Amino acid sequence: MAKALDSFLEENLQQLKSQGLYNEIDVVEGANGPEIQINGKRLINLSSNNYLGLATNQELKEVAKRAIDQYGVGAGAVRTINGTLDLHDQLEAKIAEFKGTEAAISYQSGFNCNMAAISAVMGKDDCILSDQLNHASIIDGCRLSKAHIVAYTHSDMDDLRKKAREAVESGRYKKIMVITDGVFSMDGDLAKLPDIVEIAKEFDLITYVDDAHGSGVTGKGRGTVKHFGLEKDIDFQIGTLSKAIGVVGGYVAGKRKLIDWLKVRSRPFLFSTAVPPGDVAAIIAAINMLMDSNELTEKLWENGNYFKEGLKQLGFDIGNSETPITPCIIGEEKLTQRFSKRLLEEGVYAKAIVYPTVPRGTGRIRNMPTAGHSKAMLDKALSIFEKVGRELGVI
Ligand SMILES: *Cc1c(COP(=O)(O)O)cnc(C)c1O
């Protein structure tokens, strides 16, 4: 190893470890369901994005197996050579139907989708107004575009309006985009989309909503844009197929013209192999399930509300979540890590989220109750939170 690399790694790893910021990776032995096994221990799982339990759904597993038998395990090429199987076309039509848009394009992941879509449209003569708490993939996607990036204070509409006006009045930009998460994943709050749309109309902003945590959850499962009834007003509706949908992938839903452009200009679509057929078939079946019935989404909200209420009653600070995402804010990084470790020893897997994922001093245990949890599991988890909370002086 080059000396420069060796000393860089040594120094930086040591620094992270001494600050309690080094994340040890846990290995799950088996399926990522409502209960998981790690190091031979059964744990109640409050850390997956498997909101509706679809990642482990029996019917979807059967659908994926049948598609593998018919098509094989890989798509064989990038989408623009000959990796577009009829399944991919069906998937994109299904996503458009689900989202209420003219068309859709799918990608290999949500992260990838933000790399692809922003830079396909925005360039160095453009400006992006970006919520300060946007997901890492949005931040990276914006940087890749080489557009001028202006962060606005989280969900502060006065600040957004002010920065939009400044961008327009500067006369420097050909296009201006406002970009936001639909659901902010660390706090569970919703973007103020009606206000954002109003400001966008006032200043002719392109609107881009990444609703990775919204689909299958908000808007009776159709997402945050639908929740606010703004399907006609958002140019880019981004989603992931790896959270509530339970498989893998990402997408943009929007006008036909936009999707046509992305199909010829978004680089991960052109230069990276398509999602495998087993996954695509399972995703189509998962979206069909959501379109047929609200049952799983309702169960998710029921469990989310039950768990939130339980933590609140115990005296924990659960922030201002408007979704089933339930942060339990502890504060200091090392205490947060210790809290999570004690939960693990007692039988609950709930991950500590600390700086740099969230601001310093706002370390939290982020709980993701799902439709797959039983009341008994949630009750047991609450009693363990109570025990650890008292032991560590948090409540
Ligand atoms: C999780 C997430 C992504 C990444 O999605 P993947 O499909 O896991 O790559 C992108 N954007 C937001 C807002 C997310 O929460």
Side-chain angles (χ1 to χ4, degrees), residues 25 28 32 47-52 54-55 91-92 95 98-99 104-119 128 130-145 151 154-155 177-193 196 207-219 223-225 227 234 236-253 262 266-269 272-276 279-280 282-283 286-287 300 321-327 351 353 356-358 364 366-368 370:
I25 291 175
V28 176
N32 199 340
S47 284
S48 83
N49 295 318
N50 185 14
Y51 281 111
L52 302 176
L54 294 178
L91 170 62
E92 287 166 348
I95 292 169
F98 182 53
K99 287 284 158 182
I105 178 173
S106 66
Y107 294 96
Q108 301 89 341
S109 77
F111 198 105
N112 208 335
C113 176
N114 284 326
M115 296 300 106
I118 303 170
S119 56
I128 301 175
S130 174
D131 188 289
Q132 165 196 28
L133 295 190
N134 277 344
H135 188 260
S137 59
I138 297 179
I139 295 170
D140 288 5
C142 290
R143 286 180 183 153
L144 192 62
S145 76
H154 175 54
S155 282
M177 174 185 271
V178 55
I179 185 161
T180 182
D181 279 29
V183 174
F184 289 88
S185 60
M186 295 303 144
D187 294 286
D189 54 325
L190 301 182
K192 294 179 179 159
L193 293 185
I196 289 175
T207 46
Y208 188 112
V209 177
D210 179 350
D211 205 23
H213 282 276
S215 273
V217 179
T218 53
T224 311
V225 171
H227 168 80
I234 301 296
F236 288 76
Q237 287 195 55
I238 311 302
T240 171
L241 301 164
S242 40
K243 287 175 178 146
I245 305 296
V247 191
V248 71
Y251 60 86
V252 182
L262 294 175
S266 48
R267 293 169 71 81
F269 189 84
S272 180
T273 299
V275 174
D279 293 336
V280 179
I283 295 164
I287 298 176
L300 165 68
S321 174
E322 300 170 77
T323 61
I325 296 173
T326 307
K351 199 79 179 154
I353 311 255
T357 309
V358 293
R364 68 207 51 200
R366 188 181 56 163
N367 301 291
M368 309 288 269
T370 72

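Just so it is clear, the structure is predicted and the values come from calculations on it, not from any experiment. Read the numbers this way: they start at 1 and go in the same order the structure lists the ligands and their atoms.
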Engineer: Which heavy atom in Thr180 sits nearest to a heavy atom in Asn134, and how many Å separate them?
Structural biologist: CA-OD1, 3.3 Å
Engineer: Show the atoms of ligand 1 that are less than 4.0 angstrom away from any heavy atom in Ala212.
Structural biologist: 2 (C), 11 (N), 12 (C), 13 (C), 14 (C), 15 (O)
Engineer: Show which atoms of ligand 1 fall inside a sub-4.0 Å distance from at least one heavy-atom site of Asp181.
Structural biologist: 13 (C)
Engineer: Quick one: which ligand 1 atoms are inside 4.0 Å of a heavy atom on Ser242?
Structural biologist: 6 (P), 7 (O), 8 (O)
Engineer: Nearest protein heavy-atom contact for atom 5 (O) of ligand 1: which residue, which atom, what distance?
Structural biologist: Gly110 CA, 3.5 Å
Engineer: For residues Pro327 and Ser321, determine if any side-chain heavy atom of one lies less than 4.5 Å from a side-chain heavy atom of the other.
Structural biologist: yes
Engineer: Just by distance, no angles: are the side chains of His135 and Asn114 close enough, under 3.5 Å, to form a donor-acceptor pair?
Structural biologist: no
Engineer: Ligand 1 and Ser185, any nitrogen or oxygen pair closer than 3.5 angstrom?
Structural biologist: no
Engineer: For Asn32 versus Asn50, what's the shortest heavy-atom pair and its separation?
Structural biologist: O-ND2, 3.2 Å
Engineer: Would you mind checking which non-hydrogen protein atom is closest to atom 2 (C) of ligand 1, with the distance to 0.1 Å?
Structural biologist: Lys243 NZ, 2.4 Å
Engineer: Give the numbers and elements of all ligand 1 atoms closer than 4.0 Å to a heavy atom of Gly249.
Structural biologist: 7 (O)
Engineer: Could you tell me which atoms of ligand 1, counted from 1 in the order shown, lie closer than 4.0 angstrom to a heavy atom of Ser109?
Structural biologist: 7 (O), 9 (O)
Engineer: Among protein heavy atoms, which lies nearest atom 10 (C) of ligand 1, and at what distance?
Structural biologist: Ser137 OG, 3.3 Å
Engineer: Within the side chain of Ser145, is there an N or O that forms a donor-acceptor pair under 3.5 Å with the backbone of Arg143?
Structural biologist: no
Engineer: Quick one: closest heavy-atom pair of Gly188 and Thr323, and the distance?
Structural biologist: O-OG1, 3.1 Å
Engineer: Considering non-hydrogen atoms only, spot the tightest contact between Gly182 and Asp211 and give its length.
Structural biologist: CA-OD1, 3.5 Å
Engineer: Please find the pair of heavy atoms, one from Ala191 and one from Asp181, that lie closest to each other, and give the distance.
Structural biologist: CB-O, 3.2 Å
Engineer: How close does the nearest protein non-hydrogen atom get to atom 13 (C) of ligand 1, and which residue and atom is it?
Structural biologist: Asp210 OD2, 3.2 Å
Engineer: I'd like to check which ligand 1 atoms, numbered from 1 as shown, lie under 4.0 Å from a non-hydrogen atom of His213.
Structural biologist: 15 (O)
Engineer: Do Phe111 and ligand 1 have an N or O pair less than 3.5 Å apart?
Structural biologist: yes
